[in-house]
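What follows is a single structure, written as structure tokens, with notes after it.
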Amino acid sequence: MQFNKKHLLGLEECSKEEICYILDAAKSFKEVLSRPIPKVPTLRGKTIVNLFFENSTRTRISFELAEKRLSADSVNFSASGSSVAKGETLRDTARNIEAMKIDMVVIRHGAAGAPHFLTRCVDAHIINAGDGQHEHPTQGLLDLMTLQEKFGDLKDLKVAIVGDIAHSRVARSNIYGLQALGAKVALCGPATFMPLQAEQWGGEVFYNIDDAIEWADVLNVLRIQLERQQRGLFSTVREYHNLFGVTRARLERAKKDITILHPGPINRGVEIESELADSDCALILNQVTNGVAVRMAILYLLSGLSQGESSQE
Ligand code: CP
């Protein structure tokens, strides 16, 4: 198969074949990361700008590491301290950066659609590192990779996404990716966190966490966005934990092995019990490790080098 995409904007527009192709490439790059010198010359001579208009720890550092492991030159941009603070627009910011001869832009932005907008402003390859409440495709891919490592084929695997579904870009990318690979997806959370017509997003919808645990093989537990508490979407953190928190006691009551994912950052003691987040059933740090390999795969495949040149010597 040839990988012909110029940009990675979301998993909604990726086929099953494209997702599998990216995940296969990520497996190869994970092997590179285990070498004594975890670096290949694949993107030597390419310049990548990491354009972060929102805070990030995992995504930003793992893109930077992926770029270094591929020998690309990378430049980091934060909105704070830049001319955005003086009123410069996203279009002008991007066009000025492109005038310095860059090849790819990784963008995180609070507005849904910002990466799509950039594709109309510049010629560079654009990678969505999270746009508002829309999509976070590399998070979705690293979650799929982590599940494939544990379960192999994801067909009919039951994954319940728990928490603030309506406002979550991680939920959207997971739903598209999991469904493309044949997994069964359920949504769980309070009614105020559910999108309109939630039934049409996935399969089952649970308003009771114990029912979701009973159904699922995997829980993907989302961060509760505490900044939304003022908007009255839930009453108190303690009440949310009592009603929807994933705890060891709840898993023991269900008497089944369950695998837990969490995209981070974790609110310990809110959406998940602290001790459980550090337990063997939680693959949270495996997700972070796989994030570097997935991002190396995306940078490599979008660069077009996969259509002729060798990648990993
Ligand atoms: N999962 C995730 O996107 O984390 P960061 O916000 O730290 O990048």
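Read the numbers this way: they start at 1 and go in the same order the structure lists the ligands and their atoms.
- Among protein residues, S56, T57, R58, T59, R108, H136, Q139, P263, G264 come within 4.0 Å of ligand 1, judged on heavy atoms.
- F53 and H109 have tilted rings, their planes meeting at an angle from 30° to 60° on a 0 to 90° scale.
- Salt-bridge formation is not detected for the pair K27/E31: no Lys NZ or Arg NE/NH1/NH2 atom is positioned less than 4.0 Å from an Asp or Glu carboxylate oxygen.
- Side chains of K150 and T259: a donor on one and an acceptor on the other come within 3.5 Å.
- Applying the side chain to side chain contact (heavy atoms under 4.5 Å, CB included) criterion to K30, with sequence neighbours excluded, gives M145, E149, T289, N290, A293.
- Ring geometry, F193 versus H167: the interplanar angle exceeds 60°, so the pair is classed perpendicular (tilted spans 30 to 60°).
- In the displayed structure, D280 atom CG is contacted under 6.0 Å by at most 12 heavy atoms of other residues, nucleotides or ligands.
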